[in-house]
Amino acid sequence: MNTEQARFNMIQQQIRPWEVLDPEVLGLLAIVKREDFAPAAHKDLAFADVEIPLKADAKPSQTMLAPRVEARMLQALGIRNTDKVLEIGAGSGFMAALLAAKAEFVYTVEIDPELVEVARKNLAQAGVANVSVDLGDAAQGWPLYTPYDVIVVSGSLPVLPDALLRQLKIGGRLIAVVGEAPVMEMQLVTRTEEDAFNTVVVLETLVAPLENTARRDKFVF
C-alpha cells in the first residue's frame with residue numbers, strides 16, 4: 001500500500017465530501033500519522049471509512065472512530081492553543097494526538113487498562129508530550145482537572161449527563177454523539193452562562209457506544 005496516497009485519498013474522498021473544509025484540520029490529518037495508532041492486525045484499515053476494532057476481542061465500543069467523524073469533531077470545536085481539553089475514551093490515542101496538536105494540554109481517560117498502555121505507548125512514540133492518559137470511567141466527567149475549555153466524547157452516549165456539561169468553563173465547548181441506534185446526533189454544546197447551554201446539531205451519524213461502568217454492569221462480555 002502506498003501510505004501517502006492512501007492518506008491523500010482519505011482526505012479527498014472521505015473527509016472533504018463530509019464538509020470538512022477547514023485547512024488547519026485537513027493539514028493536521030495529513031501530518032498526524034493515523035496508521036501509527038491503528039492496531040497491527042488492522043493496519044490495512046487505517047485509512048478506511050470504518051471504525052477500527054482496537055483489540056482482538058474488542059467490544060463494539062472499543063474502536064477508533066471513522067476518519068470523517070474525527071474530522072467533523074475537530075472542525076466543529078475550533079481548538080485553540082490555550083485550550084485545556086478532556087477526551088473521554090482514549091482508545092489508541094489518535095484523537096488525543098490530533099487534539100494535542102492544536103491545544104495547550106489534553107487529558108484523556110480510558111476505562112480499559114490495556115488500552116491505557118497502548119495509548120501511552122503510541123503517543124510517546126509519536127513524540128506527543130502534552131497529553132496525559134488516565135485510567136478510569138469518565139462517562140460522568142473527570143473532576144480531577146476541571147474546568148475544561150473543551151470536552152470530547154470519543155464514543156456515543158444515550159444522553160448527555162448534566163455532570164459532564166458542568167465541567168465546562170463558561171464559553172467552553174463539548175462535542176459528543178448522542179442517542180441510540182438508529183438515531184444519533186453529533187451535538188456541539190457551548191456553556192454560555194453558569195446555568196445556560198447552547199446546543200447545535202452538527203450532523204446525524206452512528207458511532208459505537210462509549211465503554212463505561214454502566215454498560216459493563218448491564219452486559220456480560
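Numbering of residues begins at 1 and proceeds along the displayed sequence.
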Under a 4.0 Å threshold between the charged nitrogen and the carboxylate oxygen, would [Y] count as salt-bridged to [X]?
{"X": "Glu104", "Y": "Lys84", "value": "no"}
{"X": "Glu4", "Y": "Lys33", "value": "yes"}
{"X": "Arg16", "Y": "Glu19", "value": "no"}
{"X": "Asp83", "Y": "Arg173", "value": "yes"}

Residue among Asp112, Val118, Leu115 satisfying side chain to side chain contact (heavy atoms under 4.5 Å, CB included) with Leu54: Leu115
Going by side chain to side chain contact (heavy atoms under 4.5 Å, CB included), Leu174 matches just one of Leu188, Leu160, Leu86. Which one? Leu160
Would you say the side chain of Pro158 lies within less than 4.5 Å of the side chain of Glu180, judging by non-hydrogen atoms?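 The answer is yes, as the side chains (C-beta and beyond) meet within the 4.5 Å cut-off.
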Heavy atoms, side chains only, cut-off 4.5 Å: are Leu65 and Ser154 in contact? yes
Verify same cluster id: Ile88, Leu144 (apolar side-chain graph, 4.5 Å): yes
What about Val200 and Trp18, same hydrophobic cluster or not, with Ile/Leu/Val/Met/Phe/Trp/Tyr joined at side-chain heavy-atom distances under 4.5 Å? no
Passes salt bridge (charged side-chain N to carboxylate O under 4.0 Å, His left out), Asp22 versus Arg72? Steps please. CA-CA 10 Å; Asp22 184 331; Arg72 283 301 294 264; over 6 Å; no
State the CG-CD distance between Leu28 and Glu24, to the nearest 0.5 angstrom. 9.0 Å
Kindly determine whether Asn122 and Phe94 satisfy side-chain contact (heavy atoms from CB on, under 4.5 Å), including the steps that lead there. CA-CA 8 Å; Asn122 287 342; Phe94 181 64; over 6 Å; no
Does Lys121 have more than 12 heavy atoms from other residues, nucleotides or ligands lying within 6.0 Å of its NZ?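 Result for NZ/Lys121: open.
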With salt bridge (charged side-chain N to carboxylate O under 4.0 Å, His left out) as the criterion, how do Arg80 and Asp149 come out once you've worked through the C-alpha distance, each side chain's angles and the decisive distance to 0.1 Å? CA-CA 9 Å; Arg80 298 184 284 263; Asp149 299 288; 5.7 Å; no
I'd like to know if the side chain of Arg191 reaches the main chain of Lys169, judged simply by a donor and an acceptor atom lying under 3.5 Å from each other, with no hydrogens or angles considered. no
